[in-house]
Trainee: 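If you scroll down you'll find the structure; I have some questions about it.
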There are 2 protein chains.
Amino acid sequence: MLTSNQNNHPKVPEVVVLRLPLYVRELTDMLQSDKNVVSSQQLGERLQMTPAQIRKDLSYFGKFGKQGRGYPISFLVNQLRSVLGLEKEWNCCIIGVGKLGKAVISYTGFNPEGFNIRAAFDDDISLIGQTVGGLYVQPITELEKTIRDKDISIGIVTVPAPNAQKVIDRMVASGLKSILNYAPVGLHIPPGVHIRHVDPLLSLQSMTYYLK
Amino acid sequence: MLTSNQNNHPKVPEVVVLRLPLYVRELTDMLQSDKNVVSSQQLGERLQMTPAQIRKDLSYFGKFGKQGRGYPISFLVNQLRSVLGLEKEWNCCIIGVGKLGKAVISYTGFNPEGFNIRAAFDDDISLIGQTVGGLYVQPITELEKTIRDKDISIGIVTVPAPNAQKVIDRMVASGLKSILNYAPVGLHIPPGVHIRHVDPLLSLQSMTYYLK
DNA sequence: ATTGTTTTGATTACTGGTTAACAAAATCAA
DNA sequence: TTGATTTTGTTAACCAGTAATCAAAACAAT
């Protein structure tokens, strides 16, 4: 028997999961067009990938298309949103209310997509108690309780690099399983916890290889 | 004969290039320790990867270690910085001086690493001529001339999603070969041009898959 | 010097993700 | 209705990146 997830589909490679939001974004964009069906061929052209890969990826989660016709756009986007868990709202907290943290708090791209920052933490006495972007800055000691009370499941890390590991250990200890990290450091997280890194400097540094 | 790059090493996979900055960062960190040699084993523990992979990656670019001893840290970091082209300074321009663009301009992480934003562009009449973070905002019509005059080789895109493709086409037409994109859209770029995407929303959306 | 230990760099084997291929289903055109 | 065309979902072939293996080199200890 094959290794399966709880939905009886064969185990989904992580790369595939990483591509799902790309599909959702592109399909959502297509909703505004007059077409209501799209083929893997057409979608592949828009996303610059092979139709085979798209069909393969989608097939991990179900049969969403019809031969000779393609995929109904709005149906497919709904299915994928459901697979990703994007129908519900997700509560997030942010740790680190310095310049970067403030910028992330005031970023308008999260809320409309169902990601809401509900709590902010810092260890700087002069910041605690202040209000930043409508959020009351709390001491980190209140992390665990707040995560429980406000049903927070995602942590956003915007502390300086040297503090990041300590903060993440604390988040993990408090039960968070998903972390979005803006600190430019390598981090150790236990299995079962997921992390994504936002690090534009690393991106630049890998491109200069091709510029030399 | 194997496919080779201009240095007579076999063609380097892109994933390897993406890991090089990670090595540089970790090794730079180690410079402050008392040790001056590191084994692939030790480095692998810190970076959570197998020693074999590290040795393989490094071997694309030369023989930096000694059997029974390991890699001299400062030598290795210099070699890798050289491979990545990080010894020289890189001039960047940014297009889009809205909220996000301003945040990127005032981000202090780029300059110390040799990436300098030398010019800013926008198409908003009310912004042109203003000074933002020490940069005089220019109309996009001056893009090509400025890239030439200021020896700019990297473009940073912080315009709203619907404008991104148009702006990138213009950058590419002006000769830029490296683009750091903050706009949340799929983009088409010609071969030979490199792009990296900064998109925290996509990161969040791929993590919720594991939270459901 | 000799023996044992560490560790590289290269080769080989393996694993997993990508692409191709194709039968079956749906649609379209006469 | 028949035949041509489109396009899916699945299986099989392929390819690329990862990991293991191992001889050769460097060092350490006696």
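A note on names: the letters A, B, ... follow the listed sequences, proteins ahead of strands, and every chain is numbered from 1.
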Trainee: State plainly whether the residues A:E89 and A:K150 are in salt-bridge range, i.e. N to O under 4.0 Å.
Mentor: no
Trainee: Ignoring backbone atoms, establish whether A:R55 has a side-chain N or O less than 4.0 Å from OP1 or OP2 of C:dC22.
Mentor: no
Trainee: With a 4.0 Å cut-off on N to O distance, would you call B:R25 and B:D29 a salt bridge?
Mentor: no
Trainee: Just to confirm, is there a sub-4.0 Å distance from OP1 or OP2 of C:dT7 to any side-chain nitrogen or oxygen of B:S40?
Mentor: no
Trainee: With nearest nucleotide decided by heavy atoms, which residue, A:R19 or B:V38, maps closer to the 5′ end of DNA chain C?
Mentor: B:V38
Trainee: CG of B:L43 versus C1' of C:dT7: gap in Å, rounded?
Mentor: 14 Å
Trainee: Assign the ring pair B:Y209 / A:F61 to parallel, tilted or perpendicular, where the plane angle (0 to 90°) is split at 30° and 60°.
Mentor: perpendicular
Trainee: Check the distance between D:dG9's P and A:D57's CG and give it to me in whole angstrom.
Mentor: 12 Å
Trainee: For a side-chain contact (heavy atoms from CB on, under 4.5 Å) with B:L187, tell me which candidate from B:D169, B:N181, B:I179, B:V157 qualifies.
Mentor: B:N181
Trainee: Quick check on contacts: within residues 63-75 of chain B, what sits under 4.0 Å from DNA chain C by heavy-atom distance?
Mentor: B:K63, B:F64, B:G65, B:K66, B:Q67, B:G68, B:R69, B:G70, B:Y71
Trainee: Between A:N36 and A:I73, is there a donor-acceptor pair closer than 3.5 Å when you use the side chain of the first and the backbone of the second?
Mentor: no
Trainee: Check this one for me: any side-chain N or O of A:T50 less than 4.0 Å away from OP1 or OP2 of C:dT18?
Mentor: no
Trainee: Taking atom C1' of D:dT6 as reference, at what distance in whole Å does atom CD of A:Q41 sit?
Mentor: 11 Å
Trainee: Nearest whole angstrom, please: distance from the P of D:dG9 to the CD1 of A:I54.
Mentor: 12 Å
Trainee: Report the distance from atom CG of A:L47 to atom P of C:dT19, rounded to the nearest whole Å.
Mentor: 13 Å
Trainee: Could you tell me the separation between the CD atom of A:E14 and the C1' atom of D:dT18, rounded to a whole number of Å?
Mentor: 16 Å
Trainee: Okay, side chain of A:D199, backbone of A:L201: is any donor-acceptor separation there less than 3.5 Å?
Mentor: yes
Trainee: What's the NZ-P distance between A:K56 and D:dT7, to the nearest Å?
Mentor: 22 Å
Trainee: D:dT7 P sits how many Å from A:L58 CG, rounded?
Mentor: 15 Å
Trainee: Does a salt bridge link B:E26 with B:R46, judged by any charged N lying under 4.0 Å from a carboxylate O?
Mentor: yes
